[in-house]
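Along the sequence shown, the residues carry numbers beginning at 1. FYI, side chains are in, hydrogens and waters are out, and symmetry mates aren't considered; it's all heavy atoms of this structure. Since we're looking at a predicted model, the values are computed, not measured.
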Amino acid sequence: MSITVLPQHVADQIAAGEVVERPASVIKELIENSLDAGATQIDVHIENGGKTLIEVRDNGKGMEPEDAQKCILRHATSKIGTIDDLFSIRSFGFRGEALAAISAVSRCSIITKTNNAHTGTKVSLEGGQNLQAEDTAANTGTIITIRDLFYTTPARLEYLKADPTEYRHIVNEILYFALSNPQVGFSLTKNETRTQDLPATDTLKNRIHQILPKMAGLFVEVNGHSSDTRVNGYVGQAGTGHPNKNHQYIFVNGRHINDYRLTHAVREAYNQSCGLEHHLHPMFVIEINTDPLLVDVNVHPRKLEIKFSDPADIYQLVKRSVIDALQKSGTHTDRDQDNTGTHFPHRPPSNTFSFGSSTPSKKMIHTGNSFSQSLFQGQKKSFQDLSVQRDSYLTVPQEETEKNPLTTLTRLTALAQIKNKYILAEADNGLFLFDQHALHERERFEKLWNDYKSKDIQVQALLTPQTVDLSEEDIELLNAHKTDLQSLGFALEFPSDSAVKIQELPLLLKDEDIEKIVIELIKYFKSHTISETVLDQLMRKLLEYKSCRGAIMYGDKISMPEAQKLLDDFLSTKWSTLCPHGRPNHVYWSFTDLDRKFHR
Ligand code: ADP
Ligand code: MG
């Protein structure tokens with residue numbers, strides 16, 4: 001076969017594969033164009049999961065007749081002129097290939113009109129060919145209709161999933177844009193039914209409420225910055241988490257991105273402050289705004305990933321900002337002053353927001369636990385709210401001052417130990433029931449952690465060094481982290497390919513079972529590939545382990561003075577309402593609630 005240069009429309013069809021993967025990617029490109037055109041209302045209409053019809057209608061600035069014909073050409077763009085523009089890009093589009101690619105693999109029509117034109121233009125083409133243009137009546141803005149996506153490339157059509165799956169991708173795509181552009185109204189109509197209606201609003205907080213009305217009350221504001229970057233948005237307050245990762249959104253300069261490192265940074269923020277149970281995922285909408293020069297958006301064909309010039313800085317900034325937000329979310333006690341000098345003022349959390357009375361903030365749901373705060377609210381409505389809330393929160397701390405007196409509590413009197421598991425205590429405003437283990441565990445952990453942070457690492461030499469037999473793979477892992485371990489206070493030797501000899505270890509761990517510690521270390525190194533503060537993270541794990549082991553157990557009999565001591569310590573412990581893994585440690589009933597319960 002001799003070499004031929006492919007006809008343009010064939011080349012476009014091939015190139016389309018990079019930009020257009022599925023109906024949702026068409027919608028992404030079209031919405032980006034609408035936003036770039038300054039639209040304030042964008043209405044999407046689809047049929048059959050977008051396979052037979054996708055229509056995006058906007059009220060943006062529209063196109064002149066010549067531009068309407070040019071826009072479907074490859075590398076036709078009004079957004080950049082020189083390669084340098086690419087590095088200061090503020091618009092979504094810049095490659096000028098989306099419309100060329102989409103129209104190459106579909107039947108496409110564009111109706112568009114600018115504000116000062118008398119008539120609009122309609123351009124239609126099939127498989128990127130036979131362009132027809134005519135005048136037509138139109139409102140200012142643009143309507144792009146894509147029918148029979150991939151009809152020219154049946155193989156690609158085969159790859160599409162069932163309509164409901166494609167529809168889910170479309171909804172997600174629209175939610176991304178809706179969250180990053182609250183000032184723009186969005187709607188989605190599926191086979192003649194309006195399934196999303198998100199009117200323009202002025203704040204992200206309102207937009208979150210439109211999208212997640214049941215959960216909006218659980219979010220706290222994030223507000224952080226470095227010299228060139230701002231981090232804003234909302235995260236679920238301390239003690240909240242979701243069984244899946246559906247409520248995690250990251251935007252960089254207005255673009256939705258998938259970035260596992262930043263997701264990890266948010267999770268670490270929870271781990272390193274209030275704790276988060278293993279099976280739960282944080283909920284967040286994080287917006288990062290930075291100098292466009294510091295990010296490269298041109299590393300992924302569908303612009304789903306970006307490259308930061310300094311990823312470690314952004315990671316730290318996100319983590320720090322989220323920790324600050326969580327600290328303000330009111331599950332700590334007030335009198336605390338932490339190592340960084342952050343002070344917690346004596347007031348109820350002010351940056352938690354709550355919309356109307358049906359927010360779930362008043363409820364406390366403990367799964368796998370027979371206590372449910374809603375029982376004590378006595379209203380059927382609470383249960384209904386919960387049952388329609390399929391995405392129910394596993395743990396929801398109370399947030400109102402009346403409901404949550406912890407921020408102002410000065411006295412807690414132990415009344416009884418129940419079943420050797422719980423401590424019943426009286427306060428001025430109500431009754432508390434504590435999980436004795438979770439309570440003690442957090443207190444021990446915070447103390448150990450403060451000791452670790454405030455002192456130089458002290459090392460304990462072992463009189464008889466201990467040898468632990470392990471697999472070769474595990475030995476290699478330990479060997480690879482030998483220096484890190486050394487700076488933590490471990491001195492290791494490797495007498496063979498399958499054994500490690502521990503000669504010294506951090507003083508804090510001197511009474512622990514060495515073999516178990518080594519196993520924890522290996523587990524840690526296996527599961528943590530992102531290691532910005534590897535030492536702190538590792539030490540946290542070890543101290544979590546130690547605080548759990550030394551704590552009063554579920555089932556241990558304790559005396560009343562011991563119980564009272566625990567409660568007194570509780571009042572001065574940071575993050576005291578959750579155990580180090582993020583499990584809640586108490587339920588609370590105000591006397592007002594109890595009186596109501598008894599119709600007093
Ligand atoms: P890019 O967005 O990378 O410039 P596209 O192929 O997506 O490339 O669009 C080509 C051009 O068509 C855009 O630069 C813009 O000038 C014009 N265009 C596309 N969609 C719209 C729209 N909805 N409103 C106004 N102009 C549009
Ligand atoms: Mg574009």
Side-chain angles (χ1 to χ4, degrees), residues 260-261 264-265 267-273 275-276 278 311-313 315-316 319 339-340 437 440-551 553 579-582:
Y260 77 97
R261 282 192 191 81
H264 186 272
R267 179 151 199 130
E268 272 304 300
Y270 281 77
N271 288 345
Q272 293 180 24
S273 54
L276 181 65
H278 280 306
D313 271 7
Y315 182 102
Q316 289 297 351
K319 193 180 81 183
N339 294 336
T340 58
H437 175 70
H440 195 208
E441 196 184 4
R442 167 64 77 174
E443 187 225 311
R444 278 176 56 80
F445 175 78
E446 292 299 333
K447 189 170 174 314
L448 290 166
W449 181 250
N450 285 338
D451 283 356
Y452 160 64
K453 287 306 261 184
S454 60
K455 290 183 199 133
D456 291 338
I457 295 196
Q458 289 178 309
V459 172
Q460 171 79 45
L462 295 176
L463 287 177
T464 39
Q466 191 168 332
T467 304
V468 181
D469 292 325
L470 294 166
S471 70
E472 273 184 40
E473 185 200 353
D474 288 349
I475 290 293
E476 243 173 58
L477 203 62
L478 285 180
N479 205 352
H481 291 91
K482 196 173 163 182
T483 337
D484 284 345
L485 287 166
Q486 228 158 26
S487 37
L488 263 184
F490 288 94
L492 308 181
E493 261 185 25
F494 298 95
S496 76
D497 283 349
S498 58
V500 58
K501 190 156 141 200
I502 294 98
Q503 284 163 319
E504 290 174 5
L505 79 176
L507 189 64
L508 275 170
L509 299 174
K510 75 174 180 352
D511 299 324
E512 302 301 320
D513 179 333
I514 291 177
E515 188 162 343
K516 288 221 175 91
I517 288 180
V518 171
I519 289 166
E520 285 291 311
L521 290 176
I522 290 167
K523 262 205 273 182
Y524 176 82
F525 289 130
K526 277 190 179 152
S527 61
H528 287 71
T529 45
I530 307 165
S531 54
E532 27 74 62
T533 51
V534 81
L535 300 185
D536 277 0
Q537 288 185 38
L538 178 54
M539 205 56 195
R540 182 173 288 275
K541 282 276 170 285
L542 294 175
L543 293 182
E544 271 174 19
Y545 165 75
K546 182 176 159 101
S547 57
C548 174
R549 278 222 327 107
M553 285 299 166
C579 84
H581 315 101

Going through the checks in order, is the side chain to side chain donor-acceptor pair (under 3.5 Å) test met by Asp313 and Gln316? CA-CA 5 Å; Asp313 271 7; Gln316 289 297 351; over 6 Å; no
Taking all heavy atoms of Tyr315 and all of Glu268, pick out the closest pair and write down the distance. OH-CG, 3.5 Å
Output all residues satisfying side-chain contact (heavy atoms from CB on, under 4.5 Å) with Asp497, sequence neighbours left out; order by chain, then residue number. Glu472
How would you list, by chain and number, every residue that makes a side-chain contact (heavy atoms from CB on, under 4.5 Å) with Glu493, sequence neighbours excluded? Lys501, Gln503
Between Arg444 and Glu441, is the closest basic N to carboxylate O distance under 4.0 Å? no
Heavy-atom distance under 4.5 Å between the side chains of His264 and Arg267, does that happen here? no
To the nearest 0.5 Å, tell me how far Leu492 CG sits from Ile475 CD1. 9.0 Å
Side chains of Leu478 and Leu470: closer than 4.5 Å at any heavy-atom pair? yes
Review item, side-chain donor-acceptor pairs of residues 542-549, under 3.5 Å, at least two apart:
unit_1	atom_1	unit_2	atom_2	d
Lys546	NZ	Leu508	O	2.7
Ser547	OG	Leu543	O	3.0
Ser547	OG	Glu544	O	3.0
Arg549	NE	Glu512	OE1	3.1
Arg549	NH2	Glu512	OE1	3.0

Enter the distance from Glu476:CD to Phe494:CZ here, rounded to the nearest 0.5 Å. 10.5 Å
Do the non-hydrogen side-chain atoms of Leu509 and Phe490 ever get within less than 4.5 Å of each other? yes
Heavy-atom side-chain contact between Phe445 and Arg540 under 4.5 Å: yes
Salt bridge (charged side-chain N to carboxylate O under 4.0 Å, His left out) partners of Lys447, counting only residues at least two apart: Asp451
Non-hydrogen side-chain atoms of Val500 and Asp474 separated by less than 4.5 Å: no
Suppose we screen for side-chain contact (heavy atoms from CB on, under 4.5 Å). Which residues come up paired with Ser498, at least two apart in sequence or across chains? Ser496
For a quick test of your reading: what N or O donor-acceptor pairs under 3.5 Å do the side chains of residues 457-469 make, sequence neighbours left out?
none

Between NZ of Lys523 and CG of Leu477, what distance do you get to the nearest 0.5 Å? 13.5 Å
As an exercise, state the distance from CG of Asp513 to CG of Asp511, rounded to the nearest 0.5 Å. 11.5 Å
